[in-house]
Amino acid sequence: MSDQDVVITGIGIVSCLGVGRQAHWDALTADSPAPVVDAERFSPYSVHPLPEIDWSAQIPRRGDQRQMETWQRLGTYAAGLALDDAAIKGDEALCATMDMIVAAGGGERDLAVDTAILDASLTRNDQDLLLNEKLTTELRPTLFLAQLSNLLAGNISIVHKVTGSSRTFMGEEGAGVSALETAVARIRAGQSSHLLVGGAFQSEHPDYLLSYELDGLLHRGDWAPVWARGERGGIITGSGAAFLVLETRAHAQERGRKAYAMIGRIVSEGSSRAPETFPDRIGALIETASNGVTPAFAMSGASGAAAATVAEKTALDKRGLAARGFSSLTGHLKEAQFPFAVALAALAVEKNHALAPFDAGCETAAAAVGAVVATTIGYRRGEGAALIEPA
Amino acid sequence: MSKNDRFGRRTVAVTGIGVVTALGVGKRENWQALTAGKSGIHAITRFPVDLLSTRISGMVDFLPSSTRGASALTDELAETAGREALAEAGLDTALGGPLFLAAPPVELDWHERFALYRHGPEQEEGYRRLLAVARDGRRPDAYDQTQFGMIAERLAELFGARGLPVTLSTACASGATAIQLGVEAIRRGECDRALAIGADGSATAEALIRFSLLSALSTQNEPPEKASRPFSKDRDGFVISEGSAALVLESLESAQARGAEILGVIRGCGEKADDFHRTRSKPDGSPAIAAVRAALADAGMAADEVGYINAHGTSTPENDKMEHLSLSTVFGERMREIPISSNKSMIGHTLSAAGAIEAAFSLLTMREGVIPPTINYDTPDPAIELDVVPNIKRHADVASTLSNSFGFGGQNACLVMGREPV
């Protein structure tokens, strides 16, 4: 134990399972954890929709709410939950020196404008001119800002006054992995004392679904747990967010804050995925993160994408590590996937509770919790694992 | 010469530099044009400009990917600058450290959307139709454009980078942030080397229109090369541009051990977020002031050690005023005498790449002993009293440089660079 240990003192999570850590814990410890699935709106695709959210609880000014679309609102909201949870919200001095790393994709495009342009394109040959006509007259300036990747962080600064520094990482799941890894490294090295890190994903927008489906990645038909989506595999996306407040043990103790858990070793990789060696590479990654400790189970961010999901399961099974594939319940949260995995792992560690399988068919019982390894193997690229240990 | 800086941290040297802007490919071509006061701003030819109030840009129109969409061009720009930097560092494809790529958040190109839509089932409309086409069969080229991690992954493999590459966006400060991430990683001892790239090939019609709607762009279309006029009274917005720069960052110890030439050092990085507004900075300039001070503090330098400032200098009414206010606050009366110039007067605003390009030019400024001018400085703004190195380059012995980068979303990042290790 060291003063420079990185501990988690604030958790802000949202998914179809509910708002905040307690709602999630209740859902995960229910007799048979069940997801909320909307199979109609984007049929043949299912999505895990947002729960009902009272935005004003974290974004009090209507003007601020109007400046954002759902993705930024969701992230700003979850960031507020985490700050509240860590008792940092509203503390001007702490917020003004707090660093921030956000894992982000892009914000929502304007569906009506895009659709109008696409429709008109069928009857015209001068498509570039069509773009000028429509975009100059129909785009709303506000929406451009709602689309910018770094404006989630920008809105967190404006709404919650987190202004130490602001960095936005992009790149699907890998962005979330790098965000956490960088956050932990900075704190350990004394480059930062307390830091807000996380991401959000809004799946209830067809443009986001399109980015998966251009590579045939989406699951079609009835809901199934991530491990049971057949040979073709498939991702069911979810709307959700996860933000964490990280700080050194010394910093938390000085403020008299109890930590949920400590982040042990955290590792990432981005190498190519030769099918024959991929499971072993994932296994080695988990081994490295575990750092000699035997985790009680893996809080797995498996997406359902065939190759990555099968390889991860193979690696976990080989080590006799029980898996808890939370995306079965929440859907795939893309940039927020790894922060979400770490958040759930931290809750299990704090409560010292062996979570029952989320999918009784494919997941085995787990030992009593000491440490939990959180994993995210990106659907196409980027892998991360972190050992979450008792604080 | 110590291997460590004043705080006992590993000194971070630069051992390779690569640049592409509208002025050309490579350091030599760029530096010649830049010191000759030549502008790269020209009339837009990549797409029709009918109905657009801004019809000029600093687009990079001479690469094979220049007409292949924002994703392909950003990729080629990043690769071209990366190759030049690694070759100069004598590393080629053996970086052996992490890659930090500052890149624009690129979306699926309109031409791809049109093509997909044409092939879609007639009974479906809008995105349902696009999804139906995608469902019909994979579209790997279109798919790649939607994945933010794709370019960095390809480059990491190509350059022999280690670990999961980081793609980042801090708007117009992105390039500086990429360098900062590399510096921090080396100081932590995680690696001996890192490659920081800023690349932006996203000057599409939609991007231009979006910035126009925010009244951010200059509309002084005739003549194009006169549009970007930082610190002038009649400045009216920035000129959207493309480009890239790459820096090989390396611990001084590692660079010396392998006999690499030291092109300069990154002495300090500072940042501070602004909580005032999504596009405007706090009227008192306090976040920019704090970012400059943080960079100086991180460099362990007093303000009077700065010999030259490479301005953010976008040529928007607001930025130049705020930048002047902030710098005057930090440097006091001496600010009238410190030479400060804006590369953007010639290359325009290269957005995600700007911080990296301007860091590269700052290093060249110190090395060559020549300060590139701020061109188009014909009507000084009386409210901004600065030595902007007007219109003509200046020979000067510059040992340390401050480079500013400010962006939408309250992003403020500053770098302090030195000609040689201290």
Side-chain angles (χ1 to χ4, degrees), chain A residues 67 100 105-106 109 111 114-115 118-119 121-122 127-129 131-133 135-136 139 141 144-145 148-151 153-154 157-158 161-172 174-175 177-178 182 185-186 189 191 206-207 209-211 213-216 268-270 272 380-382 384, chain B residues 47-48 50-52 103 105 107-108 110 113-114 117-118 125-128 130-131 134-135 138-140 142-143 146-149 152-153 156-157 163-171 177 181 184 188 190 205-206 209-210 213-214 271-279 287 407-411:
Chain A
Q67 292 289 323
M100 168 165 51
R109 292 186 61 84
L111 282 183
D114 282 1
T115 302
L118 288 169
D119 277 348
S121 76
L122 294 176
Q127 288 165 342
D128 285 328
L129 190 57
L131 279 181
N132 290 3
E133 272 174 36
L135 293 174
T136 48
L139 271 188
F144 165 38
L145 296 173
L148 278 182
S149 299
N150 74 306
L151 259 288
S157 291
I158 289 169
K161 308 294 168 199
V162 174
T163 56
S165 67
S166 164
R167 301 176 186 176
T168 295
F169 288 4
M170 303 188 298
E172 295 72 48
V177 171
S178 297
T182 306
R186 290 194 70 200
Q191 291 171 338
D207 193 39
L209 297 178
L210 181 65
S211 70
E213 193 63 340
L214 286 168
D215 202 33
S268 69
E269 268 181 17
S272 69
R380 274 291 179 267
R381 55 177 63 88
Chain B
F47 48 79
D50 310 56
L51 307 170
L52 305 183
E107 295 171 316
L108 186 60
W110 267 111
R113 287 181 199 265
F114 289 140
Y117 204 69
R118 268 198 306 277
E125 279 202 333
Y127 274 89
R128 289 198 67 83
L130 291 175
L131 278 163
R135 198 155 54 239
R138 293 182 176 180
R139 308 274 171 165
Y143 166 76
T146 66
Q147 304 298 301
F148 289 125
E153 179 186 61
E157 197 160 334
L164 180 60
V166 170
T167 306
L168 66 113
S169 172
T170 53
T177 303
L181 283 160
E184 287 177 351
R188 288 194 298 263
E190 285 168 14
E206 182 168 338
I209 291 165
R210 288 174 178 184
L213 289 170
L214 294 169
E271 59 193 323
K272 178 70 185 168
D274 191 333
D275 59 10
F276 179 68
H277 187 265
R278 285 155 192 90
T279 56
F408 282 175
Q411 310 279 176

When you check the gap from the basic side-chain N to the acidic O, do [X] and [Y] get nearer than 4.0 Å?
X        : Y        : answer
B:Arg113 : B:Glu206 : no
B:Glu271 : A:Arg167 : yes
B:Arg210 : B:Glu107 : yes

Open item on the list: Are there over 12 heavy-atom neighbours, none belonging to A:Glu133, within less than 6.0 Å of that residue's CD?
Closed with: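 Counting neighbours around CD of A:Glu133, more than 12 heavy atoms of other residues, nucleotides or ligands fall under 6.0 Å, so yes.
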- [ ] Please round to the nearest 0.5 Å and tell me the distance separating atom OG1 of A:Thr163 and atom CZ of B:Phe276.
- [x]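 Output value for this atom pair is 14.5 Å.
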Task: Validation row: A:Leu118, B:Leu130 side chains within 4.5 angstrom (heavy atoms) - done: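 The answer is yes; the side chains approach within 4.5 Å.
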Region of [X] that comes under 4.5 Å of a non-hydrogen atom in chain B:
X        : result
A:Arg186 : both
A:Leu135 : both
A:Gln127 : both
A:Leu122 : side chain
A:Leu151 : side chain
A:Leu148 : side chain

Looking only at heavy atoms and a cut-off of under 4.5 Å, which of [options] has the most pairs with chain B?
options                                : result
A:Asn132, A:Thr115, A:Leu111           : A:Asn132
A:Leu129, A:Asp128, A:Asp215           : A:Asp215
A:Gln67, A:Met100, A:Arg381            : A:Arg381
A:Ile158, A:Asp119, A:Leu145           : A:Ile158
A:Leu131, A:Val162, A:Leu139           : A:Leu131
A:Gly154, A:Gly382, A:Ala185, A:Ser268 : A:Ala185

Task: Any side-chain donor near an acceptor of the partner, A:Gln191 and B:Arg188, under 3.5 Å - done: yes
Open item on the list: Counting heavy-atom pairs closer than 4.5 Å to chain A, which one of B:Thr167, B:Thr170, B:Leu108, B:Thr146 comes out on top?
Closed with: B:Thr167
